Trainee: 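This is the structure, below, for whatever I ask next.
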Amino acid sequence: MKQRKDGEAEAEAVPVVIGAMVLDIQATSSIPPHPRTTCPGQVQYVQGGVARNIAECMGKLGADPFLISVLGFDMAGTLLMEHWKSAKLTTEGIRRHQDIKTPTVCHILDVTGEVAAGVASVEAVEKFLTPEWFQQFKHVIRSAPILMVDANLSPPALEASCRLAAESNIPVWFEPVSIAKSKRIAPIVKYITFASPNEDELIAMANALSSGNLFPPIEKNKCSTDTLFQMLKPAIWLLLQKGVKVLVLTIGSDGVILCTKGEPNSWRIGLGKSRQHGFGQQLFETMTSSSHPNWCSDSKVLERSPNFLAVHFPALSASVVRLTGAGDCLVGGMLASLSAGLDVMQSVAIGIAAAKASVEVDSNVPSQFSLETITGDARIVYSAAKVMQHQSKL
């Protein structure tokens, strides 16, 4: 490490991810489940946790993330640590203690692979992943190209980590995790550059940031992407007004709506902090040599506000095995791409390609990514991006 003028060690610029490592117990019913009885199916132990999944995905895309998390010395913790070491990712930021009960989540999946119900025991994240723990890694955070925090962190831990990043103008990505925990954005929204909610989390976040429950839940009736966007636009605009720079709204099998207050392809990590080597360098070179320079030239621009842009990226068709890792690989793919120097538009396309790869395997993160497949799928998504229509003024 180099020494800075203030005497503090200057760390290598690597993306930092703070949040949960979880052992997922995934029970998949082979028939529609009935209450008050068991049914035939399969039970699997899968390495999980939002932050862990995102960081593993980033690692396999060449980003070398620095994960700050907690694990116990119990069976679950041992399994997770062995898998993490096998991925050749750093363990320096993982706190281990005999009093830690490794976070565990039990998912009941329906016959389609969607989560029908679940129970999460992740109290250790709030109890042991404290500001005091990651204060010792402040030099890593302050040197990072980007920081991602998941909402499993306690409010004080979220505040402290975001403040450390803000002191060095490090962009922060907020991953909401769940409807209940997504509300934790309220005290830290001024620090947030990126947020990646689904529709329900978006509504919860908007209500947490407003003076009351101004935004009703969205009806789950199937509607067009344009109609859904119009329904969600007031909540989207509130988050952007409160300080979020880029909103990555996930809409399930319909893909992603990217919303910004300016041109999204103008935002990228500075060259001094982007990391271009190995898989990440190949990703950067392939995307920058093949991406259409005028991404919307072949799209129908229906209307455009000078201070607001919403772009729909469709999902890719896939042979679905399991859906639980899709959202995390979307974020992991975007973070790896941004860390490699790609812009937001290119990064969304890579994220969707990574999400497709994740749903076609029975783990949360594929064992490896194919550069040819990822970039080929990303080009399909990139060329199909469509500017959303604005039917009313903001």
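If you read the sequence from its start, that first residue is 1, and numbering goes on from there. What you see is a predicted model; the values in this text were computed from it and never measured.
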Trainee: If you take all heavy atoms of V122 and P103, which pair is closest and at what distance?
Mentor: CG1-CB, 3.7 Å

Trainee: Where is the tightest heavy-atom contact between A310 and I257, given as atom of each residue plus distance?
Mentor: CB-CG2, 4.3 Å

Trainee: Between the side chain of T250 and the main-chain N/O of V256, is any donor-acceptor distance below 3.5 Å?
Mentor: no

Trainee: Please confirm whether the backbone N or O of V140 pairs with a side-chain atom of S143, one donor and one acceptor, at under 3.5 Å?
Mentor: no

Trainee: Looking only at heavy atoms, which two atoms of F369 and C57 are closest? And how far apart?
Mentor: CZ-SG, 3.8 Å

Trainee: Within the side chain of T286, is there an N or O that forms a donor-acceptor pair under 3.5 Å with the backbone of T375?
Mentor: no

Trainee: If we ignore angles and hydrogens, is there a donor and acceptor under 3.5 Å between the side chains of W173 and S196?
Mentor: yes

Trainee: Among L79, T78, L80, which residue meets the side-chain contact (heavy atoms from CB on, under 4.5 Å) test with L71?
Mentor: L80

Trainee: Taking the side chain as everything from C-beta on, heavy atoms only, tell me whether I31 gets closer than 4.5 Å to P40.
Mentor: yes

Trainee: Quick test of your reading of the model: are R163 and E167 salt-bridged, counting only N-O distances below 4.0 Å?
Mentor: no

Trainee: With sequence neighbours excluded, give me every salt bridge (Lys or Arg N to Asp or Glu O under 4.0 Å) pair touching residues 352-370.
Mentor: K356-D377

Trainee: Do V361 and V50 belong together in a cluster built from hydrophobic side chains that touch within less than 4.5 Å?
Mentor: no

Trainee: Side chain to side chain contact (heavy atoms under 4.5 Å, CB included) for Q346 and F284? Distances and angles first, verdict last.
Mentor: CA-CA 9 Å; Q346 295 163 330; F284 177 84; over 6 Å; no

Trainee: Mark yes when over 12 heavy atoms from residues, nucleotides or ligands other than Q42 sit less than 6.0 Å from its CD; otherwise mark no.
Mentor: no

Trainee: Taking ring pair (Phe, Tyr, Trp, His ring centres under 6.0 Å) as the test, write out the residues that go with F137, two or more places apart.
Mentor: F66, W133

Trainee: So, the side chain of H97 versus the backbone of D99: is there a donor-acceptor pair under 3.5 Å, distance only?
Mentor: yes

Trainee: With distance as the sole test, does K138 use its side chain to make a donor-acceptor pair with the main-chain N or O of L164 at under 3.5 Å?
Mentor: no

Trainee: How about L202 and L247: do any of their side-chain heavy atoms sit closer than 4.5 Å?
Mentor: yes

Trainee: Does S168 use its side chain to pair, donor to acceptor, with the backbone of A165 at less than 3.5 Å?
Mentor: no

Trainee: Linking I/L/V/M/F/W/Y whenever their side-chain heavy atoms sit closer than 4.5 Å, directly or via other members, would I251 and M231 fall into one cluster?
Mentor: yes

Trainee: With a 6.0 Å cut-off (strictly less than), is the heavy-atom count around OH of Y45, excluding the residue itself, greater than 12?
Mentor: no

Trainee: So if I apply the side-chain hydrogen bond (donor to acceptor under 3.5 Å, both in side chains) rule between N152 and each of E123, E175, K181, which one comes out positive?
Mentor: K181

Trainee: Can you list the steps and then say if Y191 with L158 is a side chain to side chain contact (heavy atoms under 4.5 Å, CB included)?
Mentor: CA-CA 10 Å; Y191 300 117; L158 284 168; over 6 Å; no

Trainee: Check whether F73 and I94 end up in the same hydrophobic cluster, where Ile, Leu, Val, Met, Phe, Trp and Tyr are linked by side-chain heavy atoms less than 4.5 Å apart.
Mentor: no

Trainee: I need the minimum non-hydrogen distance between L61 and A336, along with the two atoms involved.
Mentor: CB-CB, 3.8 Å

Trainee: Are the side chain of D24 and the backbone of Q26 linked by a donor-acceptor contact shorter than 3.5 Å?
Mentor: no

Trainee: Do D328 and N364 have side-chain N/O donor and acceptor atoms under 3.5 Å apart?
Mentor: no

Trainee: E201 side chain to N198 main-chain N or O, any donor-acceptor pair under 3.5 Å?
Mentor: yes

Trainee: Hydrophobic clustering (ILVMFWY, side-chain heavy atoms < 4.5 Å, transitive) - are V46 and L23 grouped together?
Mentor: no

Trainee: Answer whether the closest heavy-atom distance between the side chains of L371 and L283 falls below 4.5 Å.
Mentor: yes

Trainee: Which heavy-atom pair separates I100 from D74 by the least distance, and what is that distance?
Mentor: O-OD2, 4.2 Å

Trainee: Would you call P366 and C329 a side-chain contact if the rule is heavy atoms closer than 4.5 Å?
Mentor: yes

Trainee: Work out which heavy atom in L330 is nearest to a heavy atom in I352; give both atom names and the distance.
Mentor: CD1-N, 3.6 Å

Trainee: Is there a path of hydrophobic side-chain contacts, each under 4.5 Å between heavy atoms of I, L, V, M, F, W or Y residues, that connects I179 with L238?
Mentor: no

Trainee: For the residue pair C162 and V172, establish whether any side-chain heavy-atom pair is separated by less than 4.5 Å.
Mentor: yes

